[in-house]
Number of protein chains: 4
Amino acid sequence: MNHTEQRKKLRAIFAGTKCLSPAGVVGPLSARVAEAVGYEVGMIAGSEVSHETLAAPDLLLLTLTELATQVRRIARVSKLSLLVDGDDGYGNALNVMRTVQELEHAGASGLTIEDTQRKGTLEGEDELVSVEEMVGKLRAALRARQDPSLMIIGRTAALRTMDTETTIVRAKAFAATGVDAIMLRGLQTLEQIEAIHAAVKLPIMLGMPPESLKREDLAARGARIKMQNHEPVAAMVKALHDTYTHLFNGGAPADLRAKIASAQQMAALLNSDSYQNSRREYVR
Amino acid sequence: MNHTEQRKKLRAIFAGTKCLSPAGVVGPLSARVAEAVGYEVGMIAGSEVSHETLAAPDLLLLTLTELATQVRRIARVSKLSLLVDGDDGYGNALNVMRTVQELEHAGASGLTIEDTQRKGTLEGEDELVSVEEMVGKLRAALRARQDPSLMIIGRTAALRTMDTETTIVRAKAFAATGVDAIMLRGLQTLEQIEAIHAAVKLPIMLGMPPESLKREDLAARGARIKMQNHEPVAAMVKALHDTYTHLFNGGAPADLRAKIASAQQMAALLNSDSYQNSRREYVR
Amino acid sequence: MNHTEQRKKLRAIFAGTKCLSPAGVVGPLSARVAEAVGYEVGMIAGSEVSHETLAAPDLLLLTLTELATQVRRIARVSKLSLLVDGDDGYGNALNVMRTVQELEHAGASGLTIEDTQRKGTLEGEDELVSVEEMVGKLRAALRARQDPSLMIIGRTAALRTMDTETTIVRAKAFAATGVDAIMLRGLQTLEQIEAIHAAVKLPIMLGMPPESLKREDLAARGARIKMQNHEPVAAMVKALHDTYTHLFNGGAPADLRAKIASAQQMAALLNSDSYQNSRREYVR
Amino acid sequence: MNHTEQRKKLRAIFAGTKCLSPAGVVGPLSARVAEAVGYEVGMIAGSEVSHETLAAPDLLLLTLTELATQVRRIARVSKLSLLVDGDDGYGNALNVMRTVQELEHAGASGLTIEDTQRKGTLEGEDELVSVEEMVGKLRAALRARQDPSLMIIGRTAALRTMDTETTIVRAKAFAATGVDAIMLRGLQTLEQIEAIHAAVKLPIMLGMPPESLKREDLAARGARIKMQNHEPVAAMVKALHDTYTHLFNGGAPADLRAKIASAQQMAALLNSDSYQNSRREYVR
């Protein structure tokens, strides 16, 4: 499967009627595990790549090169369609163009560009760029795309600090650029998504809405993707913590058997059979 | 703490009387977890970096650049003294020199160079280079080292296919180059380590000996480090598998609370307070 | 233009009747200069990337990651079809597969895999792997290719140490794997290329044959590409040496005007107009 | 020579009485050529790394990772003390901290942080951040430095758009943070540097002042470094253009002899003898 096929699969989901949650993936191994479980879409969040690569919080310290490298590592070993968090496009509209080029080449199936200010401060995280600046960025993103099947998604954090009407004005302007979908952070009610979806006439992606909003109700109002992505990393961390604690205190490795993947599972995830077949076939 | 201090701490352990097991670490986050648990030494295995970076088995597909990048990512955020698996030095003695330069610069505290043939075949993995070739490689490694506190460890897989006497000849030749320690793979008995240690008069590092050999008996015969490094990755994989399965089947994220690290734990691992302090202090 | 189109252009050259020399390119800027002069094909030699990246001679010290990064940097800014020197595939047949994957993804239009031993020693550089081992490597390379338009070229140094008959046996075995062309190093006479071309029935690429062999005579015997790639780097080095010497001795920068590219030439090479247009169009 | 020694040599120059121009270096080979000519200091400009890496103009498209990689490549093969253009620190004060960490680790001897806005627009290039914001960034830079011998240089473009008095206020505030020197862009007169130097009581670095200002007059007013760095890249480009043109038009490679470095020169630059000695000594 090549990147274009993965992108078309993602487009089919956005063109459908269901609202799916992608697997939050942070690296090649987690992508393989998600695939084994049945996922078809993975979400690569800037926050989680920052945790994994820099052991740092999500303060825009990650570089575009580091993000693209991680996307590439995942894409080269996984059949998942990959949605990538392109943050604010790593600067101005010219940086957005480079962001699209790098993430497209790395194998992203879709990517989001957000309307937040590049400040990297916690207090400032809800400060938004002007509609005009963001429209320029989204037009630049669309211009930079080479494979028309790559999805460009305009992402807005407006609902976190502005009312629904103002958000609609913003989202409509984004939609008018020709982006493939709108992503909303900060959604609180079904009324909000209903009004925005009616205005933009584009599929909606949601960044962790309240769990009280039912998936089918969101789907009926245009939601196709709903993020849900902090648990996998936090589960990894707890598993590492428990394992290290056991071993550090002198526990026997053998006692961990029930808590770790078996050698068979590991071999399957690592495509060991395929490598062995290639070795037998080609190495002399 | 800078790299030289971490190297001196590792040397102190090799100069001591105990046999420790390092934490098997695969990335920045796992190193931080290991530190939080109390570990002072981390082991970076080529096999595990290959799993994490390439989702591939340990078949010498990883490049030196990829290994060094991962070592650097870990070293920049961790106080652990890092033992790094330098495989066969990624080629001939000239490649060994580059391997030492890259891993030293990346922040390794110690590194092993092994006497296996670079074939990358499973059948061939026990085929060894000649003593003469390996002596050349170890002399090259010592020559390439800039910081004299970096530990260079000669690693032999001889015990897997040869008798103890032959292994002793090999290990003595390695020791005579001036390396700081000898690492043995394939150790089966206390008699073996006792004989080898008596011959080489250097501290011994062990690659996963049988659990039946007691740590204190190994320590009494010169063992200072005993590897034990597959469980953490396998525990991560199981945790990811369980988490993805739960979510893929429609389980609520909230139900995972007992199985994941808390927000407080995550914040501590990511040094969030320190970043917030810097932000308050310096960002205007 | 995307990578597939560049590959098809290269295939058209190999399917044609002329023998061209590609521009030896070492980085993004040199590729842009070569394009401006009229070249359609660039050659990326391992030796020159080693000089440029490591300031080291061609002793197999460059990693696959470093080569692929350089190919990617060039491919992202250039319309040249890029022929890439894949050396011996960086190890055994499994490494060959990874080499093909990485260079294809980076944007190579064609790549060579050579039958030399991975020793990195000057004396040993003409030692060849067995025909059987090399056939396994070429079959692995063909299997690893995703885009069928990527050219895989079997390269042999046999003529440097073996007679023509032995070389023909070797080249025919390589051709039988399905590779797209055969590259010969060490060609001395027209009789050699004529005999080999008749045997392999594939287009021929040549690594710096004697200048006494005329291009049209080589073309009539199947040669489609003739390398010629040390002069550009050596010219750069001389220009740097002259410029530094002038400035170091207190010469005025203005006195260099006749020896340096003008601001207009630089702007054209850097696509400055296009960036300025994007800036005016998209940055608010 | 390790990085600390190179940093101390640079400090000695700033503590001296002369005004030197560093060699503008763009990669490992150019650094080696500059060393061979006699230079002791190299300047790595963001603009030139952008040209070399991206074939793009200086519009803040280069990532910190790309800059640090290039610095590292140069530092690993060169004895030059390296002054690195850290632009605006790649974002806010937290990004400045990461910039210092990465460039220090890569081997920089000194680095500049400038007070320009991160807009990447040509019109906006002279828009400056507030004194308060820049003071925060410089304090963050000093805090992030691990090796106290690394020079942190506050760089201001104020003279391009503001009067001397306003520039002095700004430069004094920068000096009060504890930075090691002040870099001025846009200097036009000796009166300006005299007044600023008297105010800041720190050595001055200059970004390409008018050639009419004499070096000794600048030195007498505190200037220790004067940049002069576009000619080497432009000379490389002209040399490539001439060489490619000759070859593309069917010229014989042999006719280029007078215009290219000889094989002996190339071997000296690549340290070929040293590699050969290591090979003979260590490879078996």
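Here the structure is a predicted model, which is why all the values come from computation and not from measurement. In what follows, chains are A, B, ... by sequence order, proteins preceding strands, each numbered from 1.
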Item to complete: With a 4.5 Å cut-off on heavy-atom pairs, point out which of D:V77, D:L61, D:V37 contacts chain C the most.
Response: D:V37
Worksheet item: So which of C:G24, C:S50, C:S21, C:S274 has the largest heavy-atom pair count under 4.5 angstrom toward chain D?
Response: C:G24
Fill in: Leading residue by heavy atom contact count with chain D [cutoff under 4.5 Å; candidates C:L256, C:L269, C:L247, C:L20]
C:L247
Response to the item:
Ranked by heavy-atom pairs below 4.5 Å to chain D, first place among C:H51, C:M266, C:E211, C:R32 goes to C:H51
Fill in: Sole residue of C:L187, C:I193, C:L218 in side chain to side chain contact (heavy atoms under 4.5 Å, CB included) with C:I204
C:I193
Discussion item. Given heavy-atom pairs under 4.5 angstrom as the criterion, report whether the side chain, backbone, both or neither of D:E52 touches chain C.
Written reply: both
Worksheet item: With respect to chain C, which residue among D:R73, D:Q70, D:R215 yields the maximal number of heavy-atom pairs within a distance under 4.5 Å?
Response: D:R73
Discussion item. Out of D:A23, D:A252, D:P253, D:S262, return the one with the most heavy atom pairs under 4.5 angstrom to chain C.
Written reply: D:P253
Worksheet entry | For the student: nearest non-hydrogen atoms of C:I260 and D:E231, plus distance | CG2-O, 3.8 Å
Worksheet entry | Working for salt bridge (Lys or Arg N to Asp or Glu O under 4.0 Å), residues D:K79 and D:E40 | CA-CA 8 Å; D:K79 297 194 192 86; D:E40 296 188 348; over 6 Å; no
Worksheet entry | Interface residue of largest heavy-atom contact number with chain C, from D:A263, D:A56, D:S272, under 4.5 Å | D:A56
Discussion item. Ignoring hydrogens, what is the shortest heavy-atom contact between D:Q6 and D:S81? Give both atom names and the distance.
Written reply: O-OG, 2.7 Å
Fill in: C:K18 with C:E216: basic N within carboxylate O range, under 4.0 Å
no
Worksheet entry | Polar side-chain atom of D:R224 near backbone of D:A219 as donor-acceptor pair, under 3.5 Å | yes
Item to complete: Look at C:D242, C:N249, C:T53, C:N271 and state which one has the largest set of heavy-atom pairs under 4.5 Å with chain D.
Response: C:T53
Worksheet item: Which atoms form the tightest heavy-atom contact between C:D85 and C:S47, and what is the distance?
Response: OD2-N, 4.4 Å
Worksheet item: What is the minimum heavy-atom distance between C:L103 and C:A68, and which atoms define it?
Response: CD2-CA, 4.1 Å
Worksheet entry | Side chain, backbone, both or neither of C:R76 within contact of chain D (heavy atoms, under 4.5 Å) | side chain
Worksheet item: If you tally heavy-atom pairs under 4.5 Å against chain D, which of C:G38, C:G27, C:A254, C:A267 wins?
Response: C:G38
Worksheet item: Among C:A36, C:A239, C:A55, C:A34, which has the most heavy-atom pairs under 4.5 Å with chain D?
Response: C:A55
Worksheet item: Which bit of D:T245 comes within less than 4.5 Å of chain C, counting heavy atoms only: side chain, backbone, both or neither?
Response: both
Worksheet entry | Minimal non-hydrogen separation, D:Y90 against D:L62, with atom names | CE2-O, 3.5 Å
